[in-house]
Each structure stands twice: as structure tokens, then as C-alpha cells.
Amino acid sequence: MVDTPKLIIRPSDPQTTQRLQNAGIHPLLARLWSARGVQRQEDVQLDWPAMLAPKMLTQAEYAAQLLADAIKAGKRMLIVADYDCDGATACAVGMRALTEMGARVDFLVPNRFETGYGLSPAVVELACQHASGRPDILITVDNGIASVEGVAAANAAGMGVIVTDHHLPGDRLPEALAIVNPNQPHCGFPSKNLAGVGVIFYLMLALRAELRNRGHFPPNGGPRLDALADLVALGTVADVVKLDANNRLLVTRGLERMRRGLMQPGIRALFAVASRDPQAASAFDLGFAIGPRINAAGRLADMGLGIRCLITNDDMQALSLARELDTINRERRQIENIMKEQALAATDSVQTGRLGASVCVFHPDWHQGVVGLVASRLKEKFFRPTLAFAPAGDDELRGSGRSIPDVHLRDVLDLVSKRHPGLIRKFGGHAMAAGLTLGRDDFDRFAPAFDLAVIELTGRSSFEPVIETDGSLEEGYANAQVANILEQQVWGAGFAAPLFLDEFHIRSQKLVGEKHLKLSVQRGHQRFDAIWFNHTDRLPEFVKMAYKLDQNVWNGVISVQLIVEYAEAA
């Protein structure tokens, strides 16, 4: 099983902390931000004027000129979306902005199970037969950088393609009219972490500027694109891209609009069905309540549902679609729980109590739309790079993988493909997540090959889980007011939420709901309520505890509560 986690403290630079504090930043925030690489006050300027300029994004201005020409000529445009939340929000941004700028535009989203990911030749065929008419221009969102064959098929069919994407390119770029992607060669855009929704948002800003230059809009006229910030924030958080300064700005502005009640009807409806309060909207809500409901459509059904929810202006239709998405998400959770239990049983029987360097699981009854989530849960449990496979068609298995910081998943798959030519039919991804296709009968050969490749690349057959903390929380800051200050900030991938480490005396403990440990704990003269979700084992009297500061509202009274992430005997 997994080793006991090692608790470490993020180092923060005292001089940087003091410099931030001198600039008027709360002392605790100054320390936390310093530990996350913030150097200057400018790094936390999260208002629109501090946003990186669209003209810095390679080919954004040229693509905007092409779109402006197409709008003037009355050409048909078709957005080709991806089937996850980033793709859905990117499609909604494009649909809303282009419509307001006078474009004839519709969308098409590939079905995960029929045509697979991205602009494939099969998707081009569907585009040619689209109900709104044969398009003149295809605009990819959150995909397209690897669609060499698909773009060639579109060109052959007489359709131009504008690619907007954020994924890493392969050896060949598609022969598109324009490619807008911060990660393409020679693009000097400072933020390489834009999500797909961020890329299309930037292109829409460039298009509005182009239309202003042409006199189509007055100098400060055209649609208010900041009204799309809720969609940009949702897609950015849901895609778990690194929250660098520019992404934190985009997410902050989106959350600020939600808290003021300014959001698309679909997002308001999703907050309602998720029983979350938009007035207290947080990145956590977007990542764990709203995003999964959009993603569920792409995993189990048709992402067109999610996109229609995000582009409708009818409140009743938005609520109806949000309820449908909520139902699909409940089904997704049930399927995922069953698959996870089967995966744990398979792991126990295959490994007979001893894990290798990796975890590979397959079940003939699994749903390929949910294997990525199962891989993620097993990776968290076993702290190993993990792949989960489901049947796909008559003769294939489709796998999805999640990794740990020590193991670059795509590099491991690349090594397996070199050591065993033909074993992997297709693969792609990056360091922390990847997807692949095997032959139906090749799983038993692949699993040990994958394990050996992990060992060869890392030189290790086991990995020590690490919990990064921010050290002790100063006693004067352990209150509901500071919890509120922390909750107002944007935390997430690459900018982890604060996790403190202190010793406590356990005064009382009991199980609630049969699966959560409710605690009363004491540090010095301060007593706190605390809860450890999904943990049932009793704790010793004195513990070292990694915890988050949280606000608890009960009968109108706001108090501080500790959310336990890990505890061990002190």
C-alpha cells in the first residue's frame, strides 16, 4: 500500500514577504504568495488593465482579420468544439461573441465514442452536412493543433480552418489559414498556460479591435466581452491549467461577476442545481460543482447539451438543460463509484498486496467516458502513475492515465512504444495526463511493459507521497475573518490553496454521516471545530495536523472551521 505521506513546508522568502507587506498586502497573504513565487505587487494586479495584450498572441491579429473579412462577406462559420468543459465554454465564448459581432455562426462538437477527439476527417464530413448549411470556415476551439489530416480534409473540401488551441503541437503543424496557440513554435505570449477558452477569448478581443479599426464599431463600441468572463473562469478552472498571474486575473474577474449576479443564464442554473450560492462563488465551486456537470455530458452523452446550456439566453431553457446535466452527472458518479470499487478489487487481486511502480486496470464492462476519473482516484490512493482501460469498439481498448509529479506520463508511453513497436496503436498527452489505444488482447502484455518503462525512466519502483504545507498558522490569524480573506482569493493548479501544519490536542471526536470524522481540537488557548471528510479512523489524543481554514455558516452565525487533509500522531 501507499507509504505514509511526508509533510514538508513550502519555503517563502522573508524579503519578498516584507516587500509585499510594505505594498499594503495582508501579512498572511504576503507570506503565502511569496511561497508561491509571487515577487512583486504587480504579480497580483488582477484588474482588466493588467491583462496580457491580445496582440502578443501569435497570429491572433491575423486570424482576427480573416474573421472580419468573413463577417463582411457573410460567410458561414462553424465552431468545432472539444467535448470537455474547457471546450464547451470555449465554444460558448465563440458563439456568443461572434453572433454579437454579426457573424453567421453555428457549432459542432464531436462525439467521444464515434469520431474521437479533435478535427478528424470524419468530423469534416459531418461539418459538410451540418444542418445550418455547409460552412466556409471552420474554427477549432480547444483542439486542432494535432489535426493535420483533418485540416487537410477541410482544405480539400473547400473549407478554410482557423485553429485555436492550447495543447502542445506535434512534429507537424496543420496547414490552417491561421493558428492561434500560445504553445506553438515561436509564439512569444508570456502565459503558456492559457486554457482553450482563454485562447478564443483573446481572439474575440482581437476581432473586436479589428472591427473597431475598420469602423464597423465606434472606437469603444462593440459587444462587452468582459460579460463572458464567467465562461472564461469556468473553463480555465475546470481544465486544471496552471493558474499563473494572467489566468488568476481571468478567473478573478469571472468570479467577481458571478458574485455580483452577472452571469450567463446557464451558469446561474448550474449553480442552482448544484445547490451552490453564486454570491459566494469560488474556484472550488467551478472545479468541483459546476465543471463536472458540464463534463458529464461529454463523458456519458452529448456535449451539445452542455454547450446549449451555456449559450441560451432563456432562463427556463437554461434550468431545464442544467437539470438534465445534473441527472447525467449523478449517473456519472454512480458509474464511477462502481468502476472504482471494481478497480480496487482488481488491483488487490493482481498485485496480491504488493504494488509495482504503476497501476494498470481494465474491466470489460467499464465505460470509456469515465476511465480518466477512475485513474485519477486510484492515482490519489496509491500515489503511482495509473492507467484505466475500457473496451472501445470490437477490437480496441481505450485507456486514460493520470500521473504524479515524479513521472512524465507521455514520456513513459513514448518509451513503451519504442521498446514494443505496434503495442500502442495511438497515444498523446502530457506530463500529468494522457490517453492511449491498445488492441483488445494486448492489455496483459502492455501492463508489465508500462511498469518497466516507469522504472527505467525514473530509476525507482516506488514513490513517496508528499504533502506540501505552509507551516504553522499564526494564532492571531486563525479566525473567520482571515478564512474569508483566503476564500476571496483564487487558488488552484500551480497556485495551491493554503494548507497549514500545527499540533493539536483532540478534545472530542465522533463520526457523522457514518463516514466523516467530526472533531473538537485545541491549540494553545484556542478551540476549533474540525472535520476530516471521508475518514472514519479515530485519532490519538495529540496530533500533527495539515488543515485548511474554512468559514462555517450555521443559523446565520459565521465561525471558523478546520478542514483536515491529513493527521498523524504528534
Criterion salt bridge (Lys or Arg N to Asp or Glu O under 4.0 Å) on Asp470 and Arg36, from CA distance to verdict: CA-CA 10 Å; Asp470 291 289; Arg36 286 155 181 76; 2.8 Å; yes

Is there a side-chain hydrogen bond (donor to acceptor under 3.5 Å, both in side chains) between Asp13 and Ser34 once you walk through the steps? CA-CA 6 Å; Asp13 176 42; Ser34 165; 5.4 Å; no

Would Phe504 and Tyr547 satisfy ring pair (Phe, Tyr, Trp, His ring centres under 6.0 Å), going step by step from the backbone distance to the final call? CA-CA 11 Å; Phe504 290 91; Tyr547 64 95; 5.4 Å; yes

Worked check of side chain to side chain contact (heavy atoms under 4.5 Å, CB included) between Asp414 and Phe427: CA-CA 8 Å; Asp414 190 46; Phe427 73 95; 3.7 Å; yes

With side-chain hydrogen bond (donor to acceptor under 3.5 Å, both in side chains) as the test, would you mind laying out the steps for Asn247 and Asn193 before giving the verdict? CA-CA 8 Å; Asn247 278 341; Asn193 304 299; 5.9 Å; no

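Here Trp491 pairs with nothing under the side-chain hydrogen bond (donor to acceptor under 3.5 Å, both in side chains) rule; sequence neighbours left out.
Taking 4.5 Å as the limit, every side-chain heavy atom of Thr536 sits out of range of all side-chain heavy atoms of Leu517. Considering only heavy atoms from C-beta on, Phe495 stays 4.5 Å or farther from Leu32 through its side chain. In this structure the side chain of Asn337 never reaches within 4.5 angstrom of the side chain of Gln334, judged on heavy atoms. Here the side chains of Val199 and Asp165 are not in contact, with every heavy-atom distance at 4.5 Å or above. For the pair Thr386 and Arg402, the minimum side-chain heavy-atom distance is 4.5 Å or more. With a 4.5 Å cut-off on side-chain heavy atoms, Glu503 and Phe542 do not count as touching.
In this structure, Pro169 and Leu173 approach most closely via the heavy-atom pair CB-CD2, 3.6 Å. Contact record, Phe189 with Leu194: CE2-CD1, 3.6 Å, taken as the closest heavy-atom pair. Pairing each heavy atom of Val197 with each of Leu231, the nearest pair is CG2-O, 3.9 Å. Listed here is the closest heavy atom pair of Arg293 and Asp326: NE-OD1, 2.8 Å. For the pair Ala90 and Val141, the tightest heavy-atom approach, listed with the atom from each and the gap, is CB-CB, 3.8 Å. Contact record, Leu168 with Ile145: O-CG2, 3.9 Å, taken as the closest heavy-atom pair.
Checked by atom type and distance alone, the side chain of Ser376 never pairs as donor or acceptor with a backbone atom of Gly372 at under 3.5 Å.
When only modelled atom types and interatomic distance are considered, Arg507 and His505 share a side-chain donor-acceptor pair under 3.5 Å. For His166 and Asn183, the side-chain atoms include no donor-acceptor pair closer than 3.5 Å.
Remark: Arg248 does not engage Asp43 in a salt bridge, criterion side-chain N to carboxylate O under 4.0 Å.
For Lys426, the NZ atom sits in a loose shell: 12 or fewer heavy atoms of surrounding residues, nucleotides or ligands are nearer than 6.0 Å. Heavy-atom neighbours of Glu149 CD from other residues, nucleotides or ligands within 6.0 Å: at or below the threshold of 12.
With values rounded to the nearest 0.5 angstrom, Ile200 atom CD1 is found 11.5 Å from Asp86 atom CG. Summarising the geometry, atom CG belonging to Leu501 is positioned 11.5 Å from atom CZ belonging to Arg10; distances are rounded to the nearest 0.5 Å. Note that CZ of Arg299 and CD1 of Ile328 are 13.0 Å apart. Values are rounded to the nearest 0.5 Å. The CG atom of Leu286 sits 5.5 Å away from atom CZ of Phe271, with the distance rounded to the nearest 0.5 Å.
Taking the ring centroids of Phe389 and Phe446, they lie under the 6.0 Å cut-off.
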